[in-house]
Amino acid sequence: MVEPDASGSRPSVVDPWDVFLPPIVAGLSSALERSGVTVPRDELLDLLERDGGPDGEIALPTFRLAGRAKLAPNELAEKVAAAFAPEPSIRAVSAKGGYVNVAVVPERLVDRTLSLVLLRGDRYGHFEPGGGSVCIEHTSANPTGPFHIGRVRNAIIGDTLARVRRASGDPVTTQYYIDDMGRQAAMITWIWSKPQDEWPAPIRAAVDGLARDDDKPDLRWGRPYPAVSAYLKEHADAREEVAEVVRRIESGTATPRHRELAQAILDGMLASLDRLGIRFDEFVWESSLVADGSVDRVLGRLRAAPHALEEANGAWAIDTTSYRLPKESTKVVFQRGDGTSLYVARDVAYHLAKFARFGTLVDVLGQDHQLHARTLDALLAEVGEPRRPSFLIYQDITVPEGGRMSTRGGSAVWLDQLLAEAVERAQKEVRSRRDDLPEAEVGRISEAVATGAVRYHVLRVAPEKPVVFRWEDALSFEGRSGPFVQYAYARASSVLRKAERDRGPYPYEAARLREPAEIELVRTIAKLPGIVRYAARSSHVHAVAGYAHELADAFNRFYEAVPVLRSDAERSSRVALVAAARQTLGNVLDLLGVAPLPVM
RNA sequence: GGGCGCGUAGCCUAGCCUGGAUAGGGCACCGGGUUCCUAACCCGGUGGUCGAGGGUUCAAAUCCCUCCGCGCCCGCCA
């Protein structure tokens with residue numbers, strides 16, 4: 001479907017196709033009129049399919065209109081095709097299988113596309129700023145230890161959504177919400193507040209064999225976490241000590257060590273994400289919401305809410321009967337008997353703070369948070385907030401043996417481990433192809449190939465699909481992979497270097513580009529803006545990954561089919577096409593957060 | 001038990017919202033391609049009851065109902 005442009009019928013300056021749509025709609029409209037059907041332009045625009053026909057251009061299905069004309073679909077299509085008045089930008093209008101297929105003059109599409117891409121450069125595929133402010137919260141993993149690859153799906157999807165929405169024109173702020181208040185963070189503080197020789201024996205045993213001072217801080221300070229977690233299950237006295245830490249944190253009397261530890265572990269985690277190109281605009285510490293009194297205010301508002309009720313021991317809850325939450329209990333406790341807040345209450349405070357600054361909120365959440373999302377909606381309603389965040393829910397990454405990644409079960413694959421393995425394989429690959437590159441260059445390329453492969457592997461699948469982690473799949477450098485796209489970029493760069501046209505200018509004559517592979521490549525290049533808009537609106541960032549492969553594929557076919565440097569009259573036009581392809585490949589790689597490589 | 005998500009060739013996946021032209025890709029497998037711009041590539045081939053059954057419709061992978069299978073959630077945890 002062709003999206004109507006928000007700016008009306010004025011041709012957009014960002015999408016090559018937009019200039020062709022008005023004459024097509026006008027032409028179809030009067031052809032339909034002459035065939036006995038009146039269709040409003042808006043409806044027509046909505047009916048049009050892009051990428052539809054045998055030629056992959058604009059198609060109009062006549063099935064819904066045929067009844068109005070009292071004709072069989074293909075009869076109507078034939079009539080419309082015959083009645084279509086000649087138009088300079090239209091090459092042919094034909095009927096087939098109930099569709100009217102409109103083919104534009106290739107030369108015009110080539111001209112429009114190349115000029116737009118070369119003019120806009122790295123802004124091609126990006127729309128003019130215009131939307132309301134958006135806050136995308138993602139990752140927000142508790143600072144308790146290194147990332148495992150189950151968590152990294154959130155970070156990669158969230159970061160890519162931020163890139164895509166920025167390209168679509170939205171002013172985006174990304175936030176990482178750091179839960180430094182709950183039991184999990186308290187466990188870390190608790191164990192490190194004791195000298196190591198006073199640690200309970202099982203915890204010391206679990207950590208002793210592993211400890212190394214030169215570890216990354218997330219690994220180092222997070223190391224006892226699994227053992228502590230296991231230990232607490234069996235030791236009520238220790239649980240009480242941790243509960244005391246929780247109370248001290250919430251009352252603001254916790255040792256400063258607490259925040260330092262969380263920060264240290266977080267820094268280690270962020271260093272891993274940084275390798276994947278993932279960075280955040282803002283960090284929000286949960287404890288700061290307590291410190292500035294906003295959690296207290298929310299507790300007050302919730303206690304005064306329409307469905308608030310007080311429990312026998314002084315705890316407070318919301319009766320959620322009318323919200324029909326799929327829970328056995330019909331209430332949500334937001335304040336404990338001892339007066340401390342629960343996670344939901346703090347999350348309400350956090351979302352109110354976000355709504356105060358941003359028009360739209362997006363939370364990227366694992367499917368295990370689905371009920372929490374609905375609970376949050378209910379509590380926002382209770383405090384009188386009319387807006388709701390939108391949730392991008394993704395399925396967990398599981399291990400082949402079944403079940404989620406578990407830190408304790410030993411089934412977790414650490415992100416750092418995955419990247420190390422990927423880099424090793426990439427190095428082997430680079431060295432086997434290029435013995436002429438200096439070692440530093442090999443290292444740089446390998447890092448980009450490895451991280452690109454990992455990012456792409458996560459992005460290629462729709463978020464709602466469950467993913468089973470397999471090393472072989474995650475580390476693929478061929479076919480539908482990040483390196484496949486990077487390779488097309490590198491090939492294009494190489495051609496431009498040899499043409500001594502790395503930076504332009506790129507004079508061309510559109511009429512010189514008429515090989516099927518050339519037209520197909522141009523057509524694919526021209527799709528980028530539509531893909532960006534679709535992905536931003538639907539949050540289907542995997543569509544961008546799919547497009548990247550399609551584009552690289554179109555380039556590779558062109559590369560095999562058409563000589564560039566060895567052609568004569570066509571040479572400079574083909575160089576321009578390669579430049580446009582490289583630009584578009586680079587832009588889509590940026591959207592995916594995969595590094596473009598001029599050499600590989 | 002309730003809620004949400006998923007089920008498309010041996011494996012992975014797009015399309016599903018908004019029904020429409022021969023269900024697109026990738027891996028694996030088989031057969032080809034490099035005196036020529038990077039073979040991480042390209043060309044050709046084998047392989048499909050779109051979980052099952054019913055319904056709506058001129059038309060269903062797509063919408064509706066029932067069922068089956070898998071995952072997750074249903075805490076004064078986060």
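Naming convention: chains lettered A, B, ... in sequence-line order (proteins, then strands); numbering from 1 in each chain.
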Between [options], which nucleotide gets closest to the side-chain atoms of [X]?
X: A:V564; options: B:G15, B:C37, B:U38; value: B:C37
X: A:Q395; options: B:A21, B:G71, B:C76; value: B:G71
X: A:R497; options: B:C12, B:G3, B:U38; value: B:U38
X: A:R434; options: B:C41, B:C77, B:U38; value: B:U38
X: A:N101; options: B:C12, B:A21, B:U38; value: B:A21

Any side-chain donor-acceptor pair under 3.5 Å between [X] and [Y]?
X: A:S567; Y: A:R571; value: no
X: A:Y176; Y: A:H138; value: no
X: A:Y506; Y: A:Q583; value: no

Donor-acceptor pairs are to be reported for all side-chain atoms of residues 448-459 of chain A against protein atoms at under 3.5 Å, with residues two or more places apart or in another chain.
from, atom 1, to, atom 2, distance (Å)
A:T451, OG1, A:E447, O, 2.9
A:T451, OG1, A:A448, O, 3.4
A:R455, NE, A:L592, O, 2.6
A:R455, NH1, A:D159, OD2, 2.9
A:R455, NH1, A:L276, O, 2.7
A:R455, NH2, A:D159, OD2, 2.8
A:R455, NH2, A:T160, OG1, 2.9
A:R455, NH2, A:L592, O, 3.2
A:Y456, OH, A:A545, O, 2.5

Considering only heavy atoms, which members of residues 326-335 of chain A lie under 4.0 Å from some atom of RNA chain B?
->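 Per residue number, the list reads A:P326, A:K327, A:E328, A:V333.
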What is the distance from [atom1] of [X] to [atom2] of [N], rounded to the nearest Å?
X: A:L459; N: B:U13; atom1: CG; atom2: P; result: 15 Å
X: A:L475; N: B:C12; atom1: CG; atom2: P; result: 18 Å
X: A:D396; N: B:C4; atom1: CG; atom2: P; result: 18 Å
X: A:F391; N: B:C73; atom1: CZ; atom2: P; result: 18 Å
X: A:I393; N: B:G5; atom1: CD1; atom2: C1'; result: 10 Å

For atom [atom1], what is the distance between [N] and [M], given to the nearest Å?
N: B:C43; M: B:U66; atom1: P; value: 46 Å
N: B:G5; M: B:U38; atom1: P; value: 49 Å
N: B:A52; M: B:A60; atom1: C1'; value: 16 Å
N: B:C11; M: B:C67; atom1: C1'; value: 27 Å
N: B:A61; M: B:G54; atom1: P; value: 14 Å
N: B:U46; M: B:C29; atom1: C1'; value: 8 Å
N: B:U62; M: B:U18; atom1: P; value: 14 Å
N: B:U34; M: B:C17; atom1: C1'; value: 47 Å

Nucleotide N/O to protein N/O under 3.5 Å, stretch nucleotides 32-35 of chain B:
none

Got a sec, which residues hit ring pair (Phe, Tyr, Trp, His ring centres under 6.0 Å) with A:F484, two or more places apart in sequence or on another chain?
->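 If we apply the ring pair (Phe, Tyr, Trp, His ring centres under 6.0 Å) test to A:F484, skipping adjacent residues, the hits are A:H549.
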A:H369: what forms a ring pair (Phe, Tyr, Trp, His ring centres under 6.0 Å) with it, not counting sequence neighbours?
->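 Here no residue qualifies.
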For RNA chain B, whose closest nucleotide is more 5', that of A:Q184 or that of A:Q367?
->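 So the residue in question is A:Q367.
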Please classify the nucleic acid contact of [X] as base, sugar-phosphate, or nothing, using heavy-atom distances under 4.0 Å.
X: A:P61; answer: nothing
X: A:R346; answer: sugar-phosphate
X: A:V599; answer: base
X: A:G98; answer: nothing
X: A:P598; answer: base

Please check the phosphate of B:C74 (OP1 and OP2 only) for any side-chain N or O of A:H372 closer than 4.0 Å.
->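 No.
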[N] - base-pair partner by Watson-Crick or wobble geometry, distances under 3.5 Å:
N: B:G31; answer: B:C43
N: B:U49; answer: none
N: B:U18; answer: none
N: B:A59; answer: none
N: B:G5; answer: B:C70

Residues in side chain to side chain contact (heavy atoms under 4.5 Å, CB included) contact with A:P463, at least two apart in sequence or another chain |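 Scan of A:P463 (side chain to side chain contact (heavy atoms under 4.5 Å, CB included), adjacent residues dropped) gives A:I157, A:L392, A:Y394, A:H542.
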Not counting sequence neighbours, which residues clear side chain to side chain contact (heavy atoms under 4.5 Å, CB included) with A:A238? List them please.
->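 Checked A:A238 against side chain to side chain contact (heavy atoms under 4.5 Å, CB included); matches are A:W190, A:Y231, A:L232, A:H235.
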Just jot down the salt bridge (charged side-chain N to carboxylate O under 4.0 Å, His left out) partners of A:R444, sequence neighbours excluded, or say none.
->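 Residues passing salt bridge (charged side-chain N to carboxylate O under 4.0 Å, His left out) with A:R444: A:E441.
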Polar atoms only, N or O, under 3.5 Å: list the protein pairs with nucleotides 8-10 of chain B and their distances.
none

Between N or O atoms, less than 3.5 Å apart, protein on one side and nucleotides 22-28 of chain B on the other: list the pairs.
from, atom 1, to, atom 2, distance (Å)
B:G26, O2', A:R480, N, 3.2

side-chain hydrogen bond (donor to acceptor under 3.5 Å, both in side chains) partners of residues 311-329 of chain A, not counting sequence neighbours, each pair once |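 Residue pairs with at least one partner in residues 311-329 of chain A: A:E311-A:K331, A:D319-A:T321, A:Y323-A:E382.
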Reading nucleotides 55-66 of chain B 5' to 3', which nucleotides get B (base under 4.0 Å from a protein heavy atom), which S (sugar-phosphate only), which -?
-> ------------
Determine, for A:E570 against A:R512, whether the closest basic-nitrogen to carboxylate-oxygen distance falls under 4.0 angstrom.
->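 The answer is no: the pair does not qualify as a salt bridge.
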